[in-house]
Structure formats: structure tokens, C-alpha cells
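Beneath this line is the structure, given in C-alpha cells, with notes to follow.
Computed from a predicted model, the values in this text were never measured in an experiment.
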Amino acid sequence: MPHYRISEAAGLLGVSDDTVRRWVDGGQLPSERDAAGRRTVDGAALAEFARAQARSTPDPSGIGRSARNRFVGLVTEVISDRVMSQVEIQCGPHRIVSLMSTEAVRELGLVPGALAVAVVKSTNVVVETPGEG
């Protein structure tokens, strides 16, 4: 069972060490002490806490669809030629890049600053774990 030091948990959650300490001190996130006396957080507890804390931006489209992976964000860059375009969307901490026709970019009004929803439906998702270095 993996355990994470406070600083590692903070990095994974995208918050400061002090924030994680406040959650631990407030009983919101369970911790234990390792052999060196440092506070650690159980990986499974951290994963559950991360899931509970996750707040996604509501999908403004109001359309029902089978794809569950929706990322709401702002278009940050559009690079187009006559036929194809590359559209970059910043969705919270995630950068999503899509390749589509330039015609679709024009029809959707995709310009920097436009609100957009990236919908991901894929049967090929690569999952990696960090190497032991």
C-alpha cells in the first residue's frame, strides 16, 4: 500500500503543504507516522480524498452524451492552415489539444478566449506508473 509524505500529497493535489496539514489536523484527511516520525497519508485514502475534492466546471452545453470524460475550459491557441487546425484548450490544470478541420474551427467559433468543452471517448488510454529510479 503506497504512502505519501505531506509534501508529496500536496503536489499530487495541487495545493500547499500547509493546506494538507490543515486537512490532516482538521480530521478531513487521515495520516499516520512513518518510521522516521514523519506524517504520511495512505495512498487509498488520498485517492478517495482527491475524488471527493474534485470540482469540475459544469458542462454548459446541456447535451446528454455517452462520453463521460468532459473537460470544460478556454481555448488558448488555434493554429490553422487551409484544411486542418490544432486547437489548444486549458481545462483547469489540464492542457487538451485537438486536431480538427479548419472548417469545424470556423463553424464552432473556436478562437482564443472562447469557452469550449473537450469530450474524450476513447478505447485506447495509456496508463503509466513512475519508474523506480
Side-chain angles (χ1 to χ4, degrees):
M1 192 77 60
H3 282 77
Y4 297 94
R5 292 190 323 264
I6 295 294
S7 61
E8 294 171 321
L12 291 167
L13 295 173
V15 298
S16 71
D17 296 8
D18 288 338
T19 297
V20 173
R21 282 189 197 93
R22 278 193 298 277
W23 287 334
V24 167
D25 291 343
Q28 297 165 281
L29 186 60
S31 73
E32 10 185 291
R33 299 268 179 188
D34 67 8
R38 297 176 297 205
R39 282 185 176 171
T40 63
V41 178
D42 171 73
L46 185 62
E48 184 58 36
F49 184 81
R51 178 183 286 160
Q53 294 296 311
R55 307 253 191 288
S56 61
T57 304
D59 185 338
S61 66
I63 297 171
R65 54 177 77 84
S66 64
R68 298 290 180 242
N69 301 310
R70 301 176 191 179
F71 301 92
V72 179
L74 294 172
V75 174
T76 56
E77 185 174 23
V78 178
I79 301 171
S80 298
D81 66 18
R82 247 186 52 208
V83 177
M84 293 299 295
S85 293
Q86 176 180 307
V87 178
E88 183 177 303
I89 306 169
Q90 192 67 40
C91 305
H94 306 288
R95 175 180 168 256
I96 307 292
V97 178
S98 178
L99 301 176
M100 66 185 75
S101 71
T102 297
E103 178 182 23
V105 167
R106 281 192 306 268
E107 287 176 1
L108 294 171
L110 297 175
V111 296
L115 180 64
V117 180
V119 180
V120 179
K121 177 96 174 175
S122 177
T123 57
N124 298 312
V125 176
V126 176
V127 175
E128 300 176 336
T129 60
E132 298 298 319

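When hydrophobic side chains of Ile, Leu, Val, Met, Phe, Trp and Tyr are connected at separations under 4.5 Å, Ile79 ends up as a singleton with no cluster partners.
Considering only heavy atoms from C-beta on, Val20 comes within 4.5 Å of Val15 through its side chain. By the 4.5 Å heavy-atom criterion applied to side chains, Gln90 and Leu74 are not counted as neighbours.
Dense packing is recorded around CD of Gln28, with more than 12 heavy atoms of other residues, nucleotides or ligands lying under 6.0 Å away. Within a 6.0 Å sphere centred on CZ of Arg82, heavy atoms belonging to other residues, nucleotides or ligands number 12 at most.
Closest of all the heavy-atom pairs between Pro30 and Val41 is O-CG1, 3.7 Å. Pairing each heavy atom of Val24 with each of Ser31, the nearest pair is CG1-OG, 3.2 Å. Between Gln53 and Trp23 the shortest heavy-atom distance is OE1-CZ2, 4.4 Å. The shortest heavy-atom contact between Val87 and Val105 is CG2-CG2, 3.7 Å. Nearest heavy-atom pair, Gly73 versus Ile89, reported as atom, atom and distance to 0.1 Å: C-CG2, 3.7 Å. Across Leu115 and Val72, no two heavy atoms sit closer than the pair CD1-CG1, 3.8 Å.
Among residues two or more places apart in sequence or in another chain, the side chain to side chain donor-acceptor pair (under 3.5 Å) test is passed with Asp25 by Arg39. Not a single side chain to side chain donor-acceptor pair (under 3.5 Å) links Glu8 to another residue, sequence neighbours left out. The salt bridge (Lys or Arg N to Asp or Glu O under 4.0 Å) test applied to Arg21 returns Asp18, not counting sequence neighbours. With sequence neighbours excluded, the residues satisfying side chain to side chain donor-acceptor pair (under 3.5 Å) with Thr19 are Ser16, Arg22. Taking the side chain to side chain donor-acceptor pair (under 3.5 Å) definition, one finds that Ser85 meets it with Ser80, Thr102, sequence neighbours left out.
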- request: Test Tyr4 against Leu12 for side chain to side chain contact (heavy atoms under 4.5 Å, CB included), laying out the working first.
  value: CA-CA 10 Å; Tyr4 297 94; Leu12 291 167; 3.9 Å; yes

- prompt: Stepwise, does the side chain to side chain contact (heavy atoms under 4.5 Å, CB included) test hold for Leu13 with Leu46?
  reply: CA-CA 9 Å; Leu13 295 173; Leu46 185 62; 3.7 Å; yes

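Under the 4.5 Å side-chain heavy-atom criterion for ILVMFWY residues, no single connected hydrophobic cluster contains both Val117 and Leu108.
Taking OG from Ser98 and CD from Gln86, the interatomic distance works out to 9.0 Å, rounded to the nearest 0.5 Å. Note that CE of Met100 and CD of Glu107 are 11.5 Å apart. Values are rounded to the nearest 0.5 Å.
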